[in-house]
Amino acid sequence: MRDTAQAADLLSWYDQHARALPWRVPPAESRAGHRPDPYHIWMSEVMLQQTTVAAVKEYFTRFTTLWPTVQDLAAADDARVMGEWAGLGYYARARNLLKCARVVVAEHNGQFPDNREALLKLPGIGPYTAAAIASIAFNRAETVVDGNVERVMARLFDIHTPLPAAKPELTEKAALMTPGDRPGDYAQAVMDLGATICSPRSPACGICPWVAPCAARAAGTAAELPKKTPKKPKPTRVGVAYIARRADGAFLLETRPDKGLLGGMLCWPGSDWAEEVPEHSPPVEADWRDPGAEALHTFTHFHLRLAIRVADLPRGSNPERGQFLPPEQFRPSDLPTVMRKAFDLARASFVDMS
DNA sequence: AAGTCGGGGGA
DNA sequence: TCCCCAGACTT
């Protein structure tokens with residue numbers, strides 16, 4: 001039942017068209033038996049969860065430069081790692097990244113497990129990432145099922161069941177296609193195919209190595225697959241953020257609790273976010289002014305209109321919330337995007353800031 | 001099974 | 001605008 005001929009067709013396409021990526025071992029070297037650093041594969045795969053290759057590249061280079069080994073990362077300061085992750089989103093990934101690095105060092109002698117089952121036990125590693133590390137880093141015949149693979153399989157077999165209900169069936173088909181030879185290259189090949197040729201809107205069937213066996217191509221349904229169950233509309237929430245600067249240039253900031261939205265991230269103190277601005281008081285008594293602009297931002301499941309208040313504080317100021325960060329310890333790039341937007345709008349209100 | 005959790009780029 | 005992206009985790 002397993003189809004090795006089609007896998008071979010895809011692999012020869014990959015040998016010619018594999019994208020050069022910072023974490024990737026090119027197919028020529030892979031065929032020669034050279035394996036990538038499991039630490040690099042793990043790092044890239046976690047960053048790539050629901051995130052585009054283009055967005056990940058810079059972060060991957062930065063992280064692996066700052067922390068070249070899993071031991072380096074395990075020893076890193078939490079706030080530093082969260083700050084470097086700022087802007088990439090899904091911040092639970094960064095918290096789990098650190099947890100996972102520390103487990104690998106403490107319980108696995110600094111070596112990533114080489115099989116799917118053991119990898120699955122690690123924080124932040126789910127079915128996809130476990131299969132990706134096992135196949136790509138250790139060349140095990142595990143099947144990766146990401147958004148690309150779901151789309152490719154739905155088309156290859158002309159499956160009209162909507163996602164996520166179709167996931168088990170698509171996973172089964174993907175497993176049947178996975179070869180015993182070069183499974184790591186095959187995993188990357190099938191994802192490259194989905195990313196470059198079997199694209200969501202207008203698939204380039206004319207140059208697809210799998211055009212012959214593709215059932216959706218024959219049926220003329222490729223562009224409308226995979227079907228997905230409709231998603232809910234996003235409500236709008238509102239809130240207020242308070243940006244205060246002390247006379248010595250220190251800003252009043254706080255670190256969010258690990259759980260929930262923007263967990264563990266450096267943020268401006270403020271109200272909760274709801275349909276109406278919740279009852280609240282500013283983090284410190286001050287002459288708050290309104291810069292007259294709101295930060296507009298869209299999260300996964302709601303839109304946010306974040307009003308801003310700005311104040312200059314005297315040296316002896318005693319806030320009820322947050323802590324002062326001196327200017328040499330405050331990098332705006334450590335803020336999640338919505339908070340950086342708010343800061344950019346507030347800058348103009350501090351007359352002596354550019 | 002459904003909800004939570006970011007952000008950006010392309011159509 | 002809307003959709004998508006090398007998903008994981010919680011409820």
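Lettering follows sequence order; numbering is per chain, from 1.
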Between [N] atom [atom2] and [X] atom [atom1], what is the distance in whole Å?
| X | N | atom1 | atom2 | answer |
| --- | --- | --- | --- | --- |
| A:Arg93 | B:dG7 | CZ | P | 10 Å |
| A:Ile136 | C:dA6 | CD1 | P | 12 Å |
| A:His301 | B:dC5 | NE2 | P | 4 Å |
| A:Glu58 | B:dG7 | CD | P | 16 Å |
| A:Phe302 | C:dC2 | CZ | C1' | 18 Å |
| A:Leu97 | B:dG6 | CG | P | 15 Å |

When you check the phosphate oxygens OP1 and OP2 of [N], does a side-chain N or O of [X] lie under 4.0 Å from one of them?
| X | N | value |
| --- | --- | --- |
| A:Thr52 | B:dG7 | no |
| A:Gln50 | C:dG7 | yes |
| A:Lys231 | C:dC3 | no |
| A:His297 | B:dG7 | yes |
| A:Thr300 | B:dT4 | no |
| A:Tyr91 | B:dG7 | yes |
| A:Arg151 | C:dC5 | yes |

How does DNA chain B look in dot-bracket notation if pairs are Watson-Crick or G-U with both distances under 3.5 Å, crossing ones as [ ], other-strand ones as |?
|||||.|||||

Nearest to the side chain of [X] - [options]?
| X | options | value |
| --- | --- | --- |
| A:Phe299 | C:dA6, B:dG6, B:dG8 | B:dG6 |
| A:Tyr90 | B:dG7, B:dC5, B:dA11 | B:dC5 |
| A:Pro127 | C:dG7, C:dA8, C:dC4 | C:dA8 |
| A:Thr129 | B:dG8, C:dA8, C:dA6 | C:dA8 |

Indicate whether any N or O donor in one side chain lies under 3.5 Å from an N or O acceptor in the other, for [X] and [Y].
| X | Y | result |
| --- | --- | --- |
| A:Ser12 | A:Asp15 | no |
| A:Ser30 | A:Arg24 | no |
| A:His301 | A:Lys234 | no |
| A:Ser317 | A:Arg246 | no |

Are the side chains of A:Tyr91 and A:Leu262 in touch, meaning some heavy atoms are under 4.5 Å apart?
yes

Are A:Cys267 and A:Pro336 packed together at the side-chain level, in the sense that at least one heavy-atom pair is separated by less than 4.5 angstrom?
yes

Could you tell me whether A:Arg347 sits above the aromatic face of A:Trp268, with NZ or CZ closer than 6.0 angstrom to the six-membered ring centre and within 45 degrees of the axis?
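No, A:Arg347 does not sit over the ring of A:Trp268.
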
Quick check on DNA chain B: between A:Lys232 and A:Val338, whose nearest nucleotide comes earlier from the 5' end?
A:Lys232

Test of ring centre spacing under 6.0 Å for A:Phe157 and A:Trp210
no

